[in-house]
Amino acid sequence: MDVSAFGSIYPQQSRLPYASGLDLGGGSTDSFPCCRAVWVGGAGNVQCTFADGPGTTITFTGVPAGTLLEVAVTNVATASTATNMTALF
């Protein structure tokens with residue numbers, strides 16, 4: 001994305017808006033391009049694979065509903081107990 005287009009609207013300290021999302025539901029067996037964050041709509045555990053550690057999963061335990069996990073991941077496993085998750089790009 002060409003960030004120069006946002007220069008006059010968003011000062012340097014601001015984060016750029018998310019451009020798109022991918023509905024993950026309760027997790028996925030498929031990998032996806034590296035996202036910037038995962039929105040967790042329903043409380044639970046989130047098991048994911050970080051972009052810089054392929055093959056290694058980590059579990060965020062007890063994530064409350066309505067949480068934005070600002071992590072760069074390429075997969076959210078079906079073993080996750082959280083629901084209504086969306087990968088944000």
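Hydrogens, waters and symmetry mates play no part in the numbers below; they use all other heavy atoms, side chains included.
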Handout entry: Thr56/Phe50 under side chain to side chain contact (heavy atoms under 4.5 Å, CB included): CA gap, chis, key distance, verdict
Key = CA-CA 7 Å; Thr56 304; Phe50 281 98; over 6 Å; no
Exercise for the section: Evaluate the side-chain proximity of Trp39 to Asn84: yes if any heavy-atom separation is below 4.5 Å, no if none is. Expected result: no
Handout entry: Check: Thr86 and Val38 side chains under 4.5 Å, non-hydrogen atoms
Key = no
Problem - Between SG on residue Cys35 and CG on residue Leu69, distance to nearest 0.5 Å - result: 9.5 Å
Exercise for the section: Taking the side chain as every heavy atom from C-beta outward, state whether Thr81 and Asn45 have any pair of such atoms under 4.5 Å apart. Expected result: yes
Completion exercise
On a heavy-atom basis, the closest approach of Ala65 and Gly41 is CB-O, 3.3 Å
Exercise for the section: Taking all heavy atoms of Ser80 and all of Met85, pick out the closest pair and write down the distance. Expected result: CB-CE, 3.9 Å
Completion exercise
Scanning both residues in full, the closest heavy-atom pair of Gln47 with Ala79 reads OE1-CB, 2.9 Å
Handout entry: Heavy-atom side-chain contact between Leu24 and Phe32 under 4.5 Å
Key = yes
Completion exercise
Tested for side-chain contact (heavy atoms from CB on, under 4.5 Å) against Cys48, the lone hit among Thr74, Ile58, Thr59 is Ile58
Exercise for the section: May I ask you to test the Val46-Thr61 pair for a side-chain heavy-atom distance under 4.5 Å? Expected result: no
